[in-house]
Amino acid sequence: MADERLGEGFLPLEEPLDLEATLASGQVFRWRWRGRWAWGVLGEHGYGLRHEEGGLRFRTTAPSLAAAETELTAFLRLEDKLGAIREALAWDRPVARAMARLPGLRLLRQDPWECLVSFACSSASNIPRISRNLEALAETYGWGLGGPRGASPRLYRFPDPGRLAEAGPEGLRRLGLGFRAEYVAGTAAAVASGAVDLLALRGLAYPEARGALLTLPGVGEKVADCVLAFSLDKREAFPVDRWVRRSLEAWYGHGPRARYGELSSWAQDRWGEYAGYVQQYLFCWARDGWRDGQRGRKPG
DNA sequence: AGTCCACCTACATC
DNA sequence: AGATGTAGGTGGA
């Protein structure tokens with residue numbers, strides 16, 4: 001395909017940002033590094049991102065740089081002031097340690113549809129496999145975009161619900177989704193039919209939005225909470241996976257048999273609107289082996 | 001209502 | 001080497 005011309009801009013940042021940690025934090029699965037640039041898709045546009053002193057350098061297929069800045073600001077949740085959040089949570093020692101370890105780790109505001117499919121694919125899976133599954137979905141049923149010159153792999157817009165519903169469970173199974181193919185196809189059909197209006201869930205309170213998601217096949221408590229936290233502006237959502245569960249056991253005295261709902265609502269009572277951020281920090285910190293200090297800096 | 005288990009599949013470990 | 005276990009769960013018995 002012919003190169004699309006990429007606009008280039010610079011977005012000054014007041015907020016800390018660790019792009020590498022954030023894009024690898026299990027919230028998103030389709031960003032790829034080429035040298036110092038991270039390449040991915042936001043909505044209908046391809047983006048290359050590079051963190052520089054004082055801000056974010058970006059390249060984009062978006063028609064206007066202003067539109068790109070708006071899209072990036074929303075995606076990175078730059079309205080969330082990490083410094084203030086960190087202060088508000090400083091009283092909690094394990095959380096403070098986790099935040100000190102990855103100061104620029106941010107919650108993201110992704111596209112709810114891709115986010116929903118991502119986590120419907122995550123059951124009994126792992127990050128490399130989820131990435132492969134989503135990449136296959138995008139390459140097979142999505143639409144190609146511009147990107148880095150001569151880039152391989154190319155960038156693809158994620159297929160809309162109608163397209164995946166049409167593909168059906170058989171088509172999706174061929175891409176290696178396994179038993180998740182039924183989940184994704186069923187969820188795609190429900191969303192395509194209008195039974196669940198994902199964007200409208202942003203306007204609902206957490207319990208109502210969660211209830212709507214739980215009607216979808218392949219969407220249980222954990223998947224619903226991930227979608228709510230990572231794409232639907234519900235910062236109080238607290239997804240509990242193995243790593244977070246381990247953290248709650250290790251640092252807060254919860255038993256290994258504690259039920260999901262017990263842990264999740266305990267976390268919401270404790271951390272309130274910041275529960276989602278806490279979850280993300282505890283998750284990354286646990287996966288990182290509970291090491292202290294700032295990443296990339298030699299101790300002492 | 002709480003508990004157990006099958007489900008695809010790649011990869012690691014036994 | 002082939003068996004067994006596990007990986008960011010869900011749904012059904």
Side-chain angles (χ1 to χ4, degrees), chain A residues 21-31 98 102 105-108 110 112 114-137 140 164 167-191 195-196 210-232 234 237-251 254-265 267 275-290:
Chain A
T22 299
L23 296 179
S25 68
Q27 299 180 252
V28 289
F29 303 90
R30 289 208 303 135
W31 286 79
L102 292 169
L105 175 65
R106 305 191 67 85
L107 224 46
L108 296 172
Q110 0 170 182
E114 178 166 349
C115 187
L116 175 57
V117 174
S118 301
F119 288 97
C121 286
S122 75
S123 292
S125 189
N126 50 71
I127 291 178
R129 185 177 179 189
I130 299 167
S131 295
R132 278 197 304 277
N133 289 164
L134 292 170
E135 209 56 61
L137 286 173
T140 307
L164 292 189
E170 314 79 16
L172 302 184
R173 249 171 208 276
R174 276 196 287 275
L175 302 182
L177 299 213
F179 65 87
R180 305 162 196 84
E182 275 76 21
Y183 295 166
V184 173
T187 285
V191 174
V196 173
R210 191 174 196 261
L213 290 176
L214 289 175
T215 66
L216 298 167
V219 180
E221 295 181 297
K222 195 274 184 179
V223 170
D225 283 332
C226 286
V227 176
L228 291 162
F230 304 151
S231 76
L232 293 175
K234 304 298 180 268
F238 190 85
V240 181
D241 64 15
R242 287 173 167 70
W243 293 103
V244 171
R245 182 177 283 273
R246 270 174 226 175
S247 293
L248 296 181
E249 287 173 28
W251 302 105
H254 289 280
R257 305 290 300 165
R259 278 187 286 296
Y260 183 100
E262 184 184 335
L263 296 175
S264 192
S265 53
Y277 269 99
V278 170
Q279 180 274 161
Q280 201 55 33
Y281 280 95
L282 289 181
F283 171 75
C284 291
W285 191 40
R287 215 176 39 160
D288 200 26
W290 289 322

Could you tell me whether Q279(A) contacts a base, only the sugar-phosphate backbone, or nothing, with contacts defined as non-hydrogen atoms closer than 4.0 Å? base

Indicate, with a heavy-atom threshold strictly under 4.0 Å, whether I127(A) touches base, sugar-phosphate, or nothing. base

Across all chains, not counting sequence neighbours, the salt bridge (Lys or Arg N to Asp or Glu O under 4.0 Å) partners of R246(A) are none

Measure the distance from NZ on K222(A) to P on dT10(C) and round it to the nearest whole Å. 7 Å

Do you know which two heavy atoms are closest between L175(A) and N133(A), and how far apart they sit? O-ND2, 4.0 Å

Rounded C1' spacing from dT10(C) to dC11(B) in Å: 23 Å

Dot-bracket encoding of pairs in DNA chain B, which uses [ ] for pseudoknotted crossings and | for another strand, Watson-Crick or G-U under 3.5 angstrom: ..|||||.||||||

Could you list the residues that satisfy salt bridge (Lys or Arg N to Asp or Glu O under 4.0 Å) with R180(A), not counting sequence neighbours? none

In whole angstrom, give me the gap between the P atoms of dC8(B) and dG2(C). 25 Å

For a quick check of understanding: with a heavy-atom distance under 4.0 Å over all strands, which category does S25(A) fall into, base, sugar-phosphate or nothing? base

Given the P atoms of dA1(B) and dG9(C), what is the spacing between them in whole Å? 25 Å

For every nucleotide of nucleotides 4-12 of chain B, 5' to 3': is a protein heavy atom under 4.0 Å from its base (B), only from its sugar-phosphate (S), or from neither (-)? S--BBBS--

Set of salt bridge (Lys or Arg N to Asp or Glu O under 4.0 Å) partners for R287(A), sequence neighbours left out: none

Interface with DNA chain B, restricted to residues 238-248 of chain A and to heavy atoms under 4.0 Å: none

